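Heads up, the thing below is written out as structure tokens.
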Amino acid sequence: EPALIFDLGGKFDKSFNEAAFTGAQRWAEETGESFREIELQSEAQREQALRRFAEAGNNPIVMTGFAFGDVLSQVAPDYPETDFAIIDMVVDQPNVRSVVFNEHEGSYLVGMMAAMASESGTVGFIGGMDIPLIRKFACGYAQGVKAANPDATVLANMTGTTPAAWNDPVKGSELTKAQISQGADVVYAAAGGTGVGVLQTAADEDILSIGVDSNQNHLHPGQVLTSMLKRVDNAVYQAFQDGPGMEKGFNVMGVGNGGIGYAMDENNADLVTEEMKTAVDEAAAKIADGSLQVHDYMSDDSCPALDF
Amino acid sequence: MDYITLIQLLDSTVRFATPLLLACLAGLFSERAGIFDIGLEGKMLAAAFFTAAVAFLTGSAWVGLLGGIAASLVLAAIHGVASITFRGNQLISGVAINLLAAGMTVLVAQDWFRQGGRTPGLTGDARFEGITLPGAAAVADVPVIGPLYAELISGHSILVYIAFLAVPLTWWVLFRTRFGLRLRAVGENPAAVDTAGVSVVGLRYAAVLIAGVLCGLAGAYLSTALQAGFVKDMSAGRGFIALAALIFAKWRPWYALWATLLFGLFGALETRPDVIEAVIGLKVPGPLLGGLPYVMTVIILAGFVGKAIPPRAGGAPYVKER
Amino acid sequence: MDVMPKWAEVVLVPLISLFLAAVISALVILAIGEDPVAATKLMVEGAVGSVRGWGYTLYYATNFIFTGLAVAVAFHARLFNIGGEGQAMLGGLGVALALLFIPWPHWTLGLVAASLGAAIFGAAWAFIPAYLQAKRGSHIVITTIMFNFIASALLIYLLNEFLKPVGQADPSSARFAPHLDLPTLNSVLGSMGFRASKDDSVNVTFLIALASAFAVWVLMWRTRLGYEIRAFGHSESAAKYAGINPVRITVITMLISGGLAGLMGVNTVMGEAEKLLLNSTEGAGFIGIAVALMGRSHPLGVVIAAILFGFLYQGGAELALWTTIPRELIVVIQALVILFTGALDNMVRMPLERLFLARRLRRAPGPDRKPAE
Amino acid sequence: MNADATTGQPETAAPAIELKGISKSFGPVQANKDISIRVMPGTIHGIIGENGAGKSTLMSILYGFYKADRGEIFVSGRKANITDSQAAIASGIGMVFQHFKLVENFTVLENIILGAEDGRMLTPSLAKARRTLVDLAADYGLNVDPDAKIEDIGVGMQQRVEILKALYRQADILILDEPTGVLTPAEADQLFRILARLREEGKTIILITHKLREIMEITDTVSVMRRGEMTATVRTADTSPAELAELMVGRKVLLRVDKTPAQPGEVVLDVQGLRVIDSSGVERLRGIDLKVRAGEIVGIAGVAGNGQSELLEVLGGMKAGQGTALLNGQPLDVTGKKSDGKTRRKSGVAHVPEDRQREGLIMDFQAWENTAFGYHDDPAYNTGFLMNNAAIREDTARKMERFDVRPPNPRLAAKNFSGGNQQKVVLAREIERNPDLLLIGQPTRGVDIGAIEFIHEQIVALRDQGKAILLVSVELEEILALSDRIAVMFDGRIMGERLPADTNEKELGLLMAGITDTAHEHSVEEIEANLAHVHATDKGA
Ligand SMILES: Nc1ncnc2c1ncn2[C@@H]1O[C@H](COP(=O)(O)OP(=O)(O)OP(=O)(O)O)[C@@H](O)[C@H]1O
Ligand SMILES: Nc1ncnc2c1ncn2[C@@H]1O[C@H](COP(=O)(O)OP(=O)(O)OP(=O)(O)O)[C@@H](O)[C@H]1O
Ligand SMILES: [Mg+2]
Ligand SMILES: [Mg+2]
């Protein structure tokens, strides 16, 4: 029986934990089998949950979130018979599969779309808690915007400095309104539950928004320009599917291998012009073949297109 | 900073301030009657959830509001039973209520809707929409007054107007009615009220329940006016800020208005780093920007607000017989 | 002139209250369609049924002892320190600074340095609210709430800008040197030849916590300073009569309180994570309030209440591991425990008192009962 | 003087109040045991008894504040079911509690209407109450400023408010619990005039007091309580103070202080030009010059709030002032910069504060902890870093024994002692330190006769050991009985010094009202006008 460990945000974080859950469920539905899961409540539970599942014979054990990196690198050697998969972090151990996503690439693509959809030339970014990962999203996005429209302005706000920043849709709304009053007509939310408020307000105020992680286009049909897809669900599904004895090592999921992308469906079909699609697909192709390098904030903690 | 930006900033201030104001007035009633209430946060949260849940199920924000107020009243009643009837510690009771609300809302939400502790999104009549005041469109183009009326004063949800009207109403009730006189007396010296032949217990319950209603409005505003549904923990510490505002306001209704508007302004400024940069001529790093309102509060408290003297009988259960 | 025998007050009342909390919790579990008996078994086994369970129960208890003591000490001076959370955060920062930049040769020295760093930083964070309260009359409840928020902002700023190794996703500091790992219950058992798990759970910090509890007891009831703190807390006007300086007592008490809260950082940062995390306090500062109140501000009561909460945390973790019960259920159970043992305890005490009084009157009837002078 | 008033009443008339078999326990403490009492209409009925005898409890039951465990209450012959104060008020009962039940930051008017408002709106209620108040004030001579805040007026005035509260509720039966404990002689006299007037109107009054003089002066009948029981009810005309004292205490009591003439020695305390300005900028002491010699008791008389408290506080190191003070020729810091209560004690000044419950004791501390209070630095109480609790307890037991503190249990919390015994704990602590100078404020406030006798003996004994004593009391009788020299304070100044043998209550009373020209007759109005000025700045005692 495989196991899945959600990070502190909880499995219904409207973000990547939820995507992981979706993937696991898809696997369960397709195979008719079951899996174990736990939503962490405290930092100290990370290690405990890993060891408990490993000792109980759960295999493979999949976990979401960079915060597991450190603990896993200590725990994994103790259970050589168990396979682990970690998402969003690289852990160099023989029994660990590390899956990382090039969120900056996907953010770059939606940034291009934002710039092209914007009439005002000002677009916004709203992050959750101010951590490096979220800056990575923001930085990729800003690069995409500038690539499509070098004169565009990118407004970037973070919601806060405590974990409450992931669950404060009210503040998300206010930030959106503040960005709108500064001229933004497209906003990209990478803020978990706070993003709900961002998308809602964008819809209420009649501007475009961009969802994150999973496809959020359906939340406000016709008002969400697109969503930056991070196929955590696929990664979890794949790990469960591969089962014990799965292939280890690093999996970098990017635009090239379909791990990262942007969402197109009937909800946003009218919003995305042919021109946009062409430009974005072209950029995607270049990213895939390596001829276009999107700067990753986390590689050197700096961003050429945006100041924090 | 130009005029329009100012108006927008103030508009945002009003939205930030409204739930704080309602919760602050709730605390004011309770604490003026001698019952400390650190459970504002929990009551607000519970009301936010039940308003959204009932509004979703019935399709009416108003029915939802009743549900939210009812939920908040249940918690208020628990606080009353613990701290009035059983003379328990009011602070512990408040802590418990906050935790209870945090847990229960998600638990019930998950049980009812299976959407991970949130309610389904609300649309149409299940939300409190903004109200355009008469003539707003007509005067919108008049310089100075126009934007002030059309942007800042008009266009808020009905709950905002209720909150602002609650200030003079609270003042009137407290300082102009028999009930208010007795309520203030019971927070200062319950024995005086008791020997005057008025029920201390009855008054304190009344105050605590009024606090419940006001917290209900605050919660409803979060989930059905500002947002279109409930998200777990969406009160995000506003109950505590309201408490700080209450002390800041020295337990007075009009001061409560100014105090919560000030906190609202801090919140609004935090969303506009560009304005801050323009005003102080210095770019504040993002994380520190988040701490700025709190630093400002401490500075103001230290520098400008003298000793805040709480109602004398506050926090202590009324015990006649040792 | 107590109506009830001491054992009833200390044991019977809390036990009945806990029982009531358990009954309501069971009803809640039933209402969400789960089995309360199985859940209880899981919690008890998970928390106290194994060395591992005890390890985590005591690990959490360590945190709560520190924050509970912090609140309790301040309570004695009638100061309500809601700032345990922020002070513990800063304490963690102190630990990290003490361990990251000085190459301590051995964990013992590291522990001393970390403890000092934690206590000093925690105390420093309590100093400004204390000073403002004493000198300017700024309400300590608000200032400490504000300082919690400021601590959080400061911490993330420092982690993002200075302490985080470049290229790391996690906003956390670098890992401390491996030889600075604190001995844990498990590693000690392991070295004694027992088969033990390798969890970084309860560690030597627990002993520091117990020692702190004892030290607080000595301080409060055996030293002049403690005497002055308690006198000041009971009556400021009387304290003035006795020549006890209110400013001095307020500041010193809050420094001690902040220092104790800060020490929690040793357990989480040095003991468990072995690096500075953004979120290592996880609300323990607030749980400390409940712990202090339930423990009646007495160190022994604090230790017992802390272990109870440790049990709830660990039992809850186990419940989350093996069932699909949402983790919020644990929050609800905690709330009920706090409510019944802390706020509604008179509901149990009042009828019990009547019972004991009736018994006493029956046993000792007649005129030999004198009214108290 | 009105002892024969009862004879006018036909014994057949129904009593205004009749209590039958009232019993009340607070947990293990039985405060009232099977008490029965009859009070005839139109009389003043006194109740006396030692501290903790259960007087207040009994009256609180009558007023519906406490519920009796057993027993019945009849009002004007009809059984009354008094479940709460509302019911008592409806039956025409009003009560002025020992500790006033007023809302400090409300105005007089607001306090008066609280619970007796007309209708839901405040404004008409206040207007009506204002009119009624004018009438009541005129009828009974109860003048108060309706718009003053309670916290800004003196205790005497606060008491008037309490009486007005009862009258405003049209009480026919008025209970007063130790009303004169906080009043000056002039104020007390005035109160008695008011009570007499109320009796004339046909109202019934129950008066609790410790002062036998008052009982003899004003009551028609008197009941004595001891340890929760009613031991006797007699007609005042048929009894004597000595008999009442004996009934109360259960033994013979000496009603005067026995002392030899003073043998004053060296000047111990020498104060020059002492001034105190309080936080709101009011000058509380306006230049005090005062000497106290070894072996003498200097009594400071004065209406509460005329600076006596400040004088004690500055000398005791609790307050900052300006001026100079010498203790045994050594300068004593009065600026509060270099000294506090602790340093004072070290230099040989002991201080029994005016308010034992708020200042002299920590009510939740046990007796032994209170014995160390202020002296907790004493090496005898410490072994190195730690306090030697066992030693403190032993010392406390010794002191309790010496001062006859009952019960002599060092581990009992201060709040569980009666007022008199609390005071003994404080006295034992301060006197047994063998100080050069003892500052002592209101030594017997609210203390019963038996204990007063003992306390007075101790103060005189200390003097006879050659110590200097500065005594502040609002009880003129006490000042006259104890002092070897009397200084009268008014409005922050010393109006004059007298020797007890050369003066009398009347002359002192005039000085206390700020009138130095004591040879002439002065009208009550003149005195009141003078006092009103002081009350206006007095923030309560
Ligand atoms: N900030 C303010 N703006 C407008 N009016 C105010 C403000 N503050 C107080 N007032 C007015 O002052 C009067 C008294 O109200 P306040 O809340 O100050 O109570 P108070 O009676 O002075 O004191 P307490 O509350 O202690 O009894 C009211 O008439 C109120 O309208
Ligand atoms: N509210 C109460 N709870 C518990 N015990 C009480 C309470 N009030 C009074 N007592 C106890 O009942 C007894 C009688 O007290 P009461 O106040 O009636 O005495 P008293 O005669 O008025 O004394 P004093 O002259 O000091 O005012 C005392 O032992 C007192 O400690
Ligand atoms: Mg570890
Ligand atoms: Mg009494």
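Computed from a predicted model, the values in this text were never measured in an experiment. Residue numbering restarts at 1 for every chain, and letters A, B, ... go by the order of the sequence lines. All heavy atoms count here, side chains included; hydrogens, waters and symmetry mates do not.
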Query - Closest non-hydrogen atom pair between B/V198 and D/G115, with its separation - result: CG2-CA, 3.5 Å
Requested in this report: Looking only at non-hydrogen atoms, find the nearest pair between D/I89 and B/T195 and report the distance.
Outcome: CD1-O, 3.9 Å
**Report entry** Contacting region of D/L102 [heavy-atom separation from chain B under 4.5 Å]
**Finding:** backbone
Query raised in the report: Would you say the side chain of B/R312 lies within less than 4.5 Å of the side chain of D/E104, judging by non-hydrogen atoms?
Result: yes
**Report entry** Listed partners of B/R182 passing salt bridge (charged side-chain N to carboxylate O under 4.0 Å, His left out), at least two apart
**Finding:** D/E117
Query raised in the report: In terms of heavy-atom contacts, does CE of D/M363 have more than 12 from other residues, nucleotides or ligands at under 6.0 Å?
Result: yes
Requested in this report: Answer whether the closest heavy-atom distance between the side chains of B/L181 and D/L122 falls below 4.5 Å.
Outcome: yes
Requested in this report: Look up atom CG in B/N189 and atom CG in D/L114, then write down how far apart they are to the nearest 0.5 Å.
Outcome: 9.5 Å
Query raised in the report: If you round to the nearest 0.5 Å, how far is CG of D/N111 from CD of B/E188?
Result: 10.5 Å
Requested in this report: Return the option, out of D/G119, D/A166, D/A90, with the maximum number of heavy-atom pairs under 4.5 Å with chain B.
Outcome: D/G119
